[in-house]
S.K.: 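Submitted below is the structure of interest, expressed as structure tokens.
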2 protein chains.
Amino acid sequence: MIEATARVLASKGAAGVSVRAICAEAGVSPGLLRHYFAGVSDAIADTYRIIGRQIAEALEIAVEMAGPDPRARLIAYITASFRAPIADPQLLSSYVALWSLSRSDPEVARVRAEVYRDFRSGLELLIRAWRPELPDLRLPAIALTALIDGLWLELSLGDAPFTPEEAEMLAEKWLDCVIA
Amino acid sequence: MIEATARVLASKGAAGVSVRAICAEAGVSPGLLRHYFAGVSDAIADTYRIIGRQIAEALEIAVEMAGPDPRARLIAYITASFRAPIADPQLLSSYVALWSLSRSDPEVARVRAEVYRDFRSGLELLIRAWRPELPDLRLPAIALTALIDGLWLELSLGDAPFTPEEAEMLAEKWLDCVIA
DNA sequence: CATCTTGTTATACGATCGTACAGCAAGGAA
DNA sequence: TTCCTTGCTGTACGATCGTATAACAAGATG
């Protein structure tokens, strides 16, 4: 059901998501959504939570596969957003819709705040492991998050052609620039 | 009417925009929208077009006020996105909603492509005036646009506190980093 | 066996949606 | 004056929305 919600979010956008659309996508009766969720808003928030957790797990795996070097681990964390399984067209589309919904739906907004707090705290942890002497990690973390989100946006809305490799190169360059 | 559409887009998001909401916000009868527009999609697209033109004019003014130095003009173009009148909460909220809508509405998507093409071509023009020797301006323009959009997103969804001055500093730093 | 929860369907209700249309007020053209 | 366009209102229609609820199948529990 949550997978169906993500698919509807990706295909029909924030304006097209509805109880009936989700249940039709899941191949079940329209009434079933309210057996699992308090409402459509709750279903969307849970979908956001699941997606956020999947991304966090993918990031964790990418960091572990990078080995012991602190800088390599940090770069892996940043560039994993442009590799599978995170760099997925459907996931990016869902994300844009969720951004929009989080502006009008307080429940979605709360989940978004959680997801971003976790992402940024993971980022700050890795930066601190690499450069323990840096006093303030707030602005670098914000800057890196902004670039990643901006590149995701361009990938999803898709009129600015660039490759994942270029995105990774840019992210790495931005890291060196914003940390130095 | 277009101002009312922008206000609804900002306050109710992509999912809450409707003929009746727009006309109620404008203080007119619900039937009036279809006298001026072919439909709600057309009204939203026109709103996007007007907003894009206002932003373009504000950018042009910022560049002119920066004087003759090519680098100062380029920096003015980039940092104007974080100053009045562009850095406006309602405008940013409308923008996030329009991003989402452009993924499901072909007409809005077309306008978005126009607006971004114009923004990037203005950016590339200023870069070329500053550094005529650079061969490829595509990736730097994409990178700068991505950072600006990402910072806009964080400003609008607003759980990452940073000041406009910090945003300008980051944008300037990113420019030097991505051009060098 | 009877009962009770659980997953699921089907349907119905009121609200709201986009759209269509008839009508009215006003102003310029004849 | 009459007519015709234009800006705008009000309302009505069918579709779709979120939600509620009755019904049913099946498995667990007594």
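A, B, ... follow the sequence lines: proteins, then strands. Residue 1 opens every chain. For clarity, every value in this text was computed on a predicted model and none was experimentally measured.
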S.K.: Given Ile78(A), which partner from the list Leu126(A), Thr145(A), Leu144(A) fulfils the side chain to side chain contact (heavy atoms under 4.5 Å, CB included) test?
M.R.: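 Considering Leu126(A), Thr145(A), Leu144(A), a side chain to side chain contact (heavy atoms under 4.5 Å, CB included) with Ile78(A) is found only for Leu144(A).
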
S.K.: What distance do Leu147(A) atom CG and Asp149(B) atom CG have between them, rounded to the nearest 0.5 Å?
M.R.: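 The CG atom of Leu147(A) sits 11.0 Å away from the CG atom of Asp149(B).
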
S.K.: In Å, rounded to the nearest 0.5 Å, how long is the span from CD1 of Ile148(B) to CG of Leu170(B)?
M.R.: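 These two atoms lie 11.5 Å from each other.
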
S.K.: Using a strict 4.0 Å threshold on nitrogen-to-oxygen distance, state whether Arg112(B) and Asp105(B) make a salt bridge.
M.R.: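 Here Arg112(B) does not pair with Asp105(B) in a salt bridge, since their nearest N and O are not under 4.0 Å apart.
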
S.K.: For Leu33(B) and dT9(D), what is the distance between atoms CG and C1' respectively, to the nearest whole Å?
M.R.: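 Whole-Å distance recorded here is 14 Å.
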
S.K.: Mind running a 4.0 Å heavy-atom check of residues 36-44 of chain A against DNA chain D and sending the residues that fall below it, in number order?
M.R.: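 Here the set is Gly39(A), Val40(A).
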
S.K.: Check this for me: does any side-chain nitrogen of one of Glu124(A) and Arg120(A) sit under 4.0 Å from a carboxylate oxygen of the other?
M.R.: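 Salt bridge absent between Glu124(A) and Arg120(A).
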
S.K.: Is a salt bridge present between Glu60(A) and Arg53(A), judged by a nitrogen-to-oxygen distance below 4.0 Å?
M.R.: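 The answer is no: the pair does not qualify as a salt bridge.
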
S.K.: Within a strict 4.5 Å, meaning less than it, do heavy atoms of the Glu107(B) and Arg110(B) side chains meet?
M.R.: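 Result yes, sub-4.5 Å side-chain heavy-atom pair found.
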
S.K.: Quick check on contacts: within residues 9-32 of chain A, what sits under 4.0 Å from DNA chain C by heavy-atom distance?
M.R.: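 Residues of residues 9-32 of chain A that come under 4.0 Å of DNA chain C are, in numerical order, Arg20(A), Val28(A), Ser29(A), Gly31(A), Leu32(A).
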
S.K.: Between dG18(D) atom P and His35(A) atom NE2, what is the distance in whole Å?
M.R.: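 To the nearest whole Å, that distance equals 17 Å.
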
S.K.: Using a strict cut-off of less than 4.0 Å between a Lys/Arg side-chain nitrogen and an Asp/Glu carboxylate oxygen, indicate whether Lys12(B) and Glu25(B) qualify as a salt bridge.
M.R.: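 Result for this pair is no, no salt bridge flagged.
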
